[in-house]
Asker: 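Got a structure for you, written out below as structure tokens; questions coming shortly.
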Amino acid sequence: MSKKIQAIRGMNDLLPDVSPRWQFFESRVRDLMQRYTFDEIRMPIVEQTALFARSIGEVTDIVEKEMYTFEDRNGDSLTLRPEGTASCVRAALEHGLLYNQTQRLWYQGPMFRHERPQKGRYRQFHQVGVEAYGFEGPDIDAEVILLSARLWQELGLTEHVTLELNSLGSSEARAAYRDTLVSYFEAHRELLDEDSLRRLASNPLRILDSKNPAMAEMLNGAPQLIDHLDEESRAHFEGLTAMLDAAGITYVLNPRLVRGLDYYCRTVFEWTTTALGSQGTVCAGGRYDGLVEQLGGKPTPAVGFAMGIERLILLLETLDLVPKEALGGCDVYLLPMDESTTIPALTLAETLRSAVPGLHLQLHCGGGSFKSRMKKADKSGATLALLLGPDELANDTITLKFLRQERDQQSLPQAALSATLAELLNLATATQPT
RNA sequence: GUGGGUGUAGCUCAGCGGUAGAGCCCCGGAUUGUGACUCCGGUGGUCGUGGGUUCGAACCCCAUCAUCCACCCCA
């Protein structure tokens with residue numbers, strides 16, 4: 001066992017029994033993006049290390065200890081992307097997508113973080129991301145939040161997720177508040193616990209979130225973010241909440257909500273669930289107006305979010321929300337009864353696939369006794385079996401057997417088969433049968 | 001990076017010092033052209049790996065690896 005080569009820790013194979021759930025989810029997402037007119041962009045999985053260091057923040061956990069970084073053969077430092085936003089900005093800038101224009105983009109794919117795996121958290125995980133560039137007002141913030149809300153609606157998740165909302169203020173206001181807060185904590189250094197001392201350097205806003213009762217009094221006296229919000233950010237946030245109210249979206253204002261990545265400013269939000277254990281965030285994002293400039297572009301407002309696909313699929317599984325039809329499978333199992341009908345069965349299968357494009361037909365392969373062929377027909381999950389033996393071959397007929405209901409099998413002319421199957425399975429026939 | 005749980009057949013697990021087990025799955029048979037239900041038979045394991053204790057270790061001890069859950073952090 002241990003000598004066998006196995007998958008890298010935290011990097012999972014998606015086996016055939018779960019891939020239909022992914023396909024179901026992905027097709028819903030793709031459809032939704034088209035309806036909201038977001039265009040797909042695909043970026044490489046590997047980027048220069050500096051891209052992430054400069055965007056995510058040098059002292060964040062992600063950059064400090066969670067990146068898969070290695071040297072290319074020519075000595076360049078490369079990194080497996082830990083998130084998509086930085087790559088997306090890089091790609092958009094590199095190809096002039098942000099020059100005097102707006103963009104509504106989305107992407108999907110694997111991300112990599114070297115963390116200890118646990119439920120809903122893996123070293124290779126997958127995200128769907130949405131990014132909108134060039135829009136200053138809160139309408140686009142509302143638009144992307146509404147898009148996510150509609151996805152929950154269509155997946156049946158609405159009752160199981162909560163939207164939390166906050167504003168961090170402008171980049172300047174946020175930075176100023178951060179400084180104020182750090183000085184406050186420095187002044188009370190002796191009251192800080194070990195975790196908080198570490199956060200003082202990495203993410204001081206997070207200290208406010210500490211549950212340590214010994215620090216409660218000191219935290220209550222800390223300067224509040226809300227008092228440091230600049231006037232424009234306040235108006236922006238009020239605009240957003242008014243739009244969400246008008247759209248009938250319920251949310252919780254969470255003044256403690258702080259995103260981990262350095263580039264966020266103004267609007268931040270998170271969709272959470274209590275159904276997944278400790279990894280409850282299923283989708284999160286916000287505004288990052290300063291990032292494009294930081295990466296060498298003109299100042300460009302931007303909003304986006306990322307969803308964790310593993311977490312959402314886990315949630316769909318837990319709540320049993322994947323419709324049976326989405327699981328695909330086999331409608332019809334066509335079996336030659338012996339070697340003499342192998343080739344006629346093969347050509348008949350092709351004829352049927354042309355005539356009824358929606359048909360999921362499995363042709364029996366691999367020989368075996370008639371009994372074992374029937375067993376395989378049953379195991380395939382098909383509702384119908386088509387039996388082609390020497391007798392049928394001689395008469396140009398086929399035997400149609402119902403595998404899932406008490407109903408006599410019938411013998412039909414092969415010419416009538418495609419129409420019968422289409423009717424039984426409620427499928428359309430090809431407009432121009434070949 | 002830290003803490004705890006678990007590693008025995010393809011899968012789910014029992015056995016906890018004395019010859020490695022069950023259920024499911026798979027294969028074959030009872031049934032020559034009829035699957036699922038039933039009955040009968042069969043394939044399959046250096047008990048995660050390495051060391052130690054013992055006359056004897058799947059079982060006790062140590063180490064190591066993997067996995068799960070939690071902390072941290074995050075989607």
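Note on naming: letters A, B, ... go to the chains in the order of the sequence lines (proteins, then strands), and numbering restarts at 1 for each one. Quick note: numbers below take in every heavy atom, side chains included, and nothing from hydrogens, waters or symmetry partners.
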Asker: Is the base of B:rG33 stacked against the aromatic ring of A:F370, taking ring centres under 5.5 Å apart and planes under 30° as the test?
Answerer: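 According to the criterion (under 5.5 Å, under 30°), no, A:F370 does not stack.
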Asker: I'd like to know if A:R104 and A:E143 make a salt bridge, using a cut-off of under 4.0 Å between side-chain N and carboxylate O.
Answerer: yes
Asker: Report the base-pairing partner of B:rC13 (Watson-Crick or G-U wobble, both distances below 3.5 angstrom), or none.
Answerer: B:rG21
Asker: Please determine which of A:L427, A:L412, A:L384 meets the side-chain contact (heavy atoms from CB on, under 4.5 Å) test together with A:L421.
Answerer: A:L384
Asker: Suppose we define a pair by two distances each less than 3.5 Å, Watson-Crick or G-U wobble; what does B:rA66 pair with here?
Answerer: B:rU6
Asker: Whole-Å distance between B:rA75 P and A:W152 CH2?
Answerer: 13 Å
Asker: For the pair made of CG in A:D13 and C1' in B:rU67, what is the distance, rounded to whole Å?
Answerer: 14 Å
Asker: Rounded to the Å, how far apart are A:K371 NZ and B:rC27 P?
Answerer: 11 Å
Asker: Is there a Watson-Crick or G-U wobble partner for B:rA75 with both distances under 3.5 Å, and if so, which one is it?
Answerer: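 Check on B:rA75: unpaired, no WC or wobble geometry under 3.5 Å.
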Asker: Just checking A:W152 against A:H160, ring centres under 6.0 Å apart?
Answerer: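 No: the rings miss the under 6.0 Å criterion.
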Asker: Should the ring pair A:Y263 and A:Y288 be called parallel, tilted or perpendicular, given that the plane angle runs from 0 to 90° and is split at 30 and 60?
Answerer: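 Answer is tilted, since the angle falls between 30° and 60°.
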Asker: Check whether any side-chain N or O of A:Q118 sits under 4.0 Å from OP1 or OP2 of B:rC68, and answer yes or no.
Answerer: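 For B:rC68, neither OP1 nor OP2 has a side-chain N or O of A:Q118 closer than 4.0 Å.
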Asker: Using atom C1' in both nucleotides, what's the gap between B:rG15 and B:rG21 to the nearest angstrom?
Answerer: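 Approximately 7 Å lies between the C1' atom of B:rG15 and that of B:rG21.
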Asker: Counting the atoms with a prime plus P, OP1 and OP2 as sugar-phosphate, which does A:Y333 contact under 4.0 Å by heavy atoms, base, sugar-phosphate, or nothing?
Answerer: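 Nothing, no nucleic acid heavy atom in range.
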Asker: OP1 or OP2 of B:rC68 sitting under 4.0 Å from any side-chain N/O of A:R116?
Answerer: no
Asker: Classify the angle between the aromatic ring planes of A:F112 and A:Y68 as parallel (below 30°), tilted (30 to 60°) or perpendicular (above 60°).
Answerer: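 Perpendicular: the ring planes of A:F112 and A:Y68 meet at over 60°.
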Asker: Applying the Watson-Crick and G-U wobble criteria at under 3.5 Å, what pairs with B:rG45? Answer none if nothing qualifies.
Answerer: none
Asker: Can you tell me if the side-chain N/O atoms of A:K401 get under 4.0 Å from OP1 or OP2 in B:rG33?
Answerer: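 So the side chain of A:K401 is outside the cut-off, no N or O lying under 4.0 Å from OP1 or OP2 of B:rG33.
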Asker: Return no unless some side-chain N or O of A:S278 is found under 4.0 Å from OP1 or OP2 of B:rC71.
Answerer: yes
Asker: Which whole-number value in Å describes the distance from A:K375 NZ to B:rC37 C1'?
Answerer: 12 Å
Asker: Counting only Watson-Crick pairs (N1-N3 plus N6-O4 or O6-N4) and G-U wobbles (N1-O2, O6-N3), all under 3.5 Å, who is the partner of B:rA36?
Answerer: none
Asker: Phosphate oxygens OP1/OP2 of B:rC69: is one of them under 4.0 Å from a side-chain N or O of A:R121?
Answerer: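 For B:rC69, OP1/OP2 do not have a side-chain N/O of A:R121 under 4.0 Å.
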